[in-house]
Amino acid sequence: MAEEKFEPTIVAFCCNWCSYAGADLAGTSRFEYPANIRIVRVMCTGRIDLTLVLEALRMGADGVLIAGCHPGDCHYQRGNYMMEKRFDYVKNAVKSIGMEPERIRLEWISASEGGKFAALIREMTQQIEQLGPSPFRLTGNPK
Amino acid sequence: MSEEPKVGVFVCHCGVNIGGVVNVPEVTEYAKILPNVTCAENNLYTCSEAGLVAIKEAIGKHGLNRVVVASCTPRTHEPLFRATCKEAGLNPYLFEMANIREQCSWVHAHEPNKATEKAKDIIRMAVAKAALLEPQTEPEVEVKDASLVIGAGVAGMTAALSMANQGFKVYLIERDRELGGLSRKLYKLYPTLVDSSEVVDPLIEAVKSHRNIELTTLTTVKEASGYVGNFHVILRTMSGDKEIDVGTIIVAIGALNYRPPEGLYQYKVYDRVITQEELDGMLKRGALGKPGRIVMIQCVGARKGEIRPHELEAFPKSDTAELLRKILKARKEEGWPYCSRICCMNAIKNAILIKEQTPETDVVILFTDLRVYKEYEDFYKRARDLEVRFIRHIEEVPPEITLTPEGRLKLVAYDSLSGLETEFPADWVVLSTPMRPRRGEVLLARMLKIPIGTDGFLMEAHLKLRPVDTNVDGVFLAGTVSGPKDVSESIISGEAAAGRASILMGNRKVRTDAITAVADEELCIGCGLCEELCPYGAPKVEDGKSKIREILCRGCGSCAAECPRQAIIMRHFGDHQILAQVKALFTPESLKEVEI
């Protein structure tokens, strides 16, 4: 029997104003990308802390994307800077629990960058496929 | 909340938009077996009158206390469904949306099975969050009955007058010495051939003399802060800084006409190669004389090139100003990728003017696609009747321009209809160029937090549904700042923006989002970190405890993420609510027991 292809599940925390809107624009523009991503809407990436990222990984995410407005474009002036500032220690924490830090990414997608959003999801899905399933994945592929 | 959650799920076909990809009946059946779900239905269009009535009826019939609509993006339709919940007596914050169109069916059109599975996941996540939602009260803020209009072109002046006539105080600022913007450079306007000054001068007079308008020229915005209803703006004027408080802001700083680089079609090499803007000036001064032939070339610097990925490669470090600088530099050489849509009419208008003055002048318009819409078709016919010659060439073979020994221009163009090269000796070559965004937009956009589109123009909140709103409540766009427009369209958008702003100011009060932070006094140790990092000064430590003033809180949640005691809860976006979504994603087996 042929081995079933590994289908990663990526949790994406997208800020309401830029990246979630960028994801919407990818839809409006009919830019297709792999169906491996599940978006969780938050108002700002400044809201995303270590707990949310680690919990997502612990529950079984093969990758976590945090996507917000470009520096300088934050709807709340500097929420994305605060996320950027804490991203290093989030990465270190991910490393310290024995996971590849490449599984988490922080990206800036504006409301007008639907194409970029689609390209990013294609690229990230590929990257996570290469890394393989998360060691925390207990139940196997839910699909 | 002690009440047992009773969730109703409404899955939308959206015609074929969702139903053509996602198996909606299957997804609806699936939703029925999710925990806390009392009923699940599907509709052809949930946002239609019938769809909304179905929601209201189900709330009454099943005693629903939570509603999930699985359809499009909450960014456009959440307000509608929230209002529906409210009408049925349900707190609007007990509503959650599952985006299975923009983020599912539209992006996985060729993978219907995967899209259906993904839609189930998205709905499961939304239901999990919905069960934990709590009712919220939207705080009410006062709206100052004054507006700031930035830019006194046609759109800005129209907006200012409209609001001033309704009795609102308007601060109208203009960076130039004179009012009128781009329209000052125009001569006659299509399709009526009315003098531009006949439209603009009365506007200028009216704004200058209106007692509700405080007009200052040579003035720019130095700093802007605040939020809908209560913006605080520092203006840089010739006589020093001036601080004002306004309830709304209308951005009407306009656009520029693209100037071709030196040498393109011999522009600036031969002085008889000019732009339409320069031709307008000559016609106005009556300086054209009686030329034998004028050849116009359309789409010079428009619908050319593309904004390449490397220009958009803004992440992770560069910022919007850098992005626009890069785009403008590349676009100067290559032109802009979009159709500026007014150039066809502008060229036809000037051709008619010339023909009516000097019928013996041969006017040739070289185009690739001619875009004349609505009643302008008649205008095009009028030009044909006047024997203006329209010749379709193709972009791949751009016309060549040289100088004859006699010093006359010679243009060799490829006629795509006959497939032959055609030679035109010409007295003037006129280049039709597009409108392009101003660079000054960037600073203003950043100050006001308005996103810039990849074409460089400021972005409206929604191209169709909210064409003069921005992503920022209380800030609106008028005129060419959001894309090429002719004078009448600029007036329309000026009126529209003024109308939108006046609704806010007329109501005097606006309800702001209830998504704000609240500090738990028990857990708070009064460290003051939240006070330090909040850009709006919402938290304040008093008697060793942080108190967050909800009117000032905009709801970003940075304080909640940074709080060392996790004492700050975000309303509607609490840790427990976000994590419930994630947990639901990874526990697809947690369905409620099916009753047999």
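Letters A, B, ... mirror the listed sequences (proteins, then strands); counts begin at 1.
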- [ ] For atom CD of B/Glu532, decide whether the heavy atoms of other residues, nucleotides or ligands shown that lie under 6.0 angstrom number more than 12.
- [x] no
Taking all non-hydrogen atoms of both residues, which atom of [X] and which atom of [Y] are closest, and how far apart?
| X | Y | value |
| --- | --- | --- |
| A/Gly79 | B/Ser558 | CA-OG, 3.7 Å |
| B/Ala561 | A/Asp49 | O-CB, 3.6 Å |
| A/Ala35 | B/Glu111 | N-OE1, 4.1 Å |

Pairwise distance [atom1]([X]) to [atom2]([Y]) - rounded to 0.5 angstrom:
| X | Y | atom1 | atom2 | result |
| --- | --- | --- | --- | --- |
| A/Ile39 | B/Asp121 | CD1 | CG | 13.0 Å |
| B/Lys118 | A/Ile37 | NZ | CD1 | 6.0 Å |
| A/Arg30 | B/Ser105 | CZ | OG | 7.5 Å |
| B/His110 | A/Glu32 | NE2 | CD | 5.0 Å |
| B/Phe586 | A/Arg58 | CZ | CZ | 11.5 Å |
| A/Leu52 | B/Asp575 | CG | CG | 5.0 Å |

When [options] are compared by non-hydrogen pairs under 4.5 Å with chain A, the top option:
| options | result |
| --- | --- |
| B/Cys559, B/Ala560, B/Gly555 | B/Gly555 |
| B/Glu102, B/Gln103, B/Arg554, B/Arg101 | B/Gln103 |
| B/Asn99, B/Leu448, B/Ile450, B/Val472 | B/Asn99 |

Task: Contacts of type side chain to side chain donor-acceptor pair (under 3.5 Å), residue B/His576, not counting sequence neighbours - done: none
Open item on the list: Apply side-chain contact (heavy atoms from CB on, under 4.5 Å) to residues A/Val42 and B/Met570 and explain how you reach the verdict.
Closed with: CA-CA 10 Å; A/Val42 290; B/Met570 286 311 298; over 6 Å; no
Task: residues 11-20 of chain A: residues contacting chain B (heavy atom under 4.5 Å, by number) - done: A/Val11, A/Phe13, A/Asn16, A/Trp17, A/Tyr20
Open item on the list: Counting only non-hydrogen atoms closer than 4.5 Å, does A/Ala118 touch chain B with its backbone (N, CA, C, O), its side chain (CB onward), both, or neither?
Closed with: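 For A/Ala118, neither part sits under 4.5 Å from chain B.
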Open item on the list: Heavy-atom cut-off 4.5 Å, strictly under: side chain, backbone, both or neither for A/Ala61 against chain B?
Closed with: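 Answer is both: backbone and side chain atoms of A/Ala61 are under 4.5 Å from chain B.
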TODO: Taking only Lys NZ, Arg NE, NH1 and NH2, and the carboxylate oxygens of Asp or Glu, determine whether A/Arg41 and B/Glu96 approach each other closer than 4.0 Å.
DONE: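 Looking at A/Arg41 and B/Glu96, the cut-off is not met.
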- [ ] With a 4.5 Å cut-off on heavy-atom pairs, point out which of A/Ala119, A/Ser29, A/Cys74, A/Gly114 contacts chain B the most.
- [x]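 Most heavy-atom pairs within the cutoff with chain B belong to A/Cys74.
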- [ ] Name the member of A/Met83, A/Met82, A/Glu55 that forms the most heavy-atom pairs with chain B at distances under 4.5 Å.
- [x]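 Most heavy-atom pairs under 4.5 Å with chain B: A/Met82.
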Open item on the list: According to ring pair (Phe, Tyr, Trp, His ring centres under 6.0 Å), who are the partners of B/His77, at least two apart in sequence or on a separate chain?
Closed with: none
Open item on the list: Suppose we screen for ring pair (Phe, Tyr, Trp, His ring centres under 6.0 Å). Which residues come up paired with B/Phe573, at least two apart in sequence or across chains?
Closed with: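 If we apply the ring pair (Phe, Tyr, Trp, His ring centres under 6.0 Å) test to B/Phe573, skipping adjacent residues, there are no hits.
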Toward chain A, the part of [X] with a non-hydrogen atom under 4.5 Å:
| X | value |
| --- | --- |
| B/Cys534 | backbone |
| B/Ile515 | side chain |
| B/Gln581 | side chain |
| B/Leu533 | both |

Just wondering, do [Y] and [X] contact through their side chains at under 4.5 Å, heavy atoms?
| X | Y | value |
| --- | --- | --- |
| B/Cys556 | A/Met43 | no |
| B/Glu562 | A/Arg86 | yes |
| B/Val107 | A/Phe31 | no |

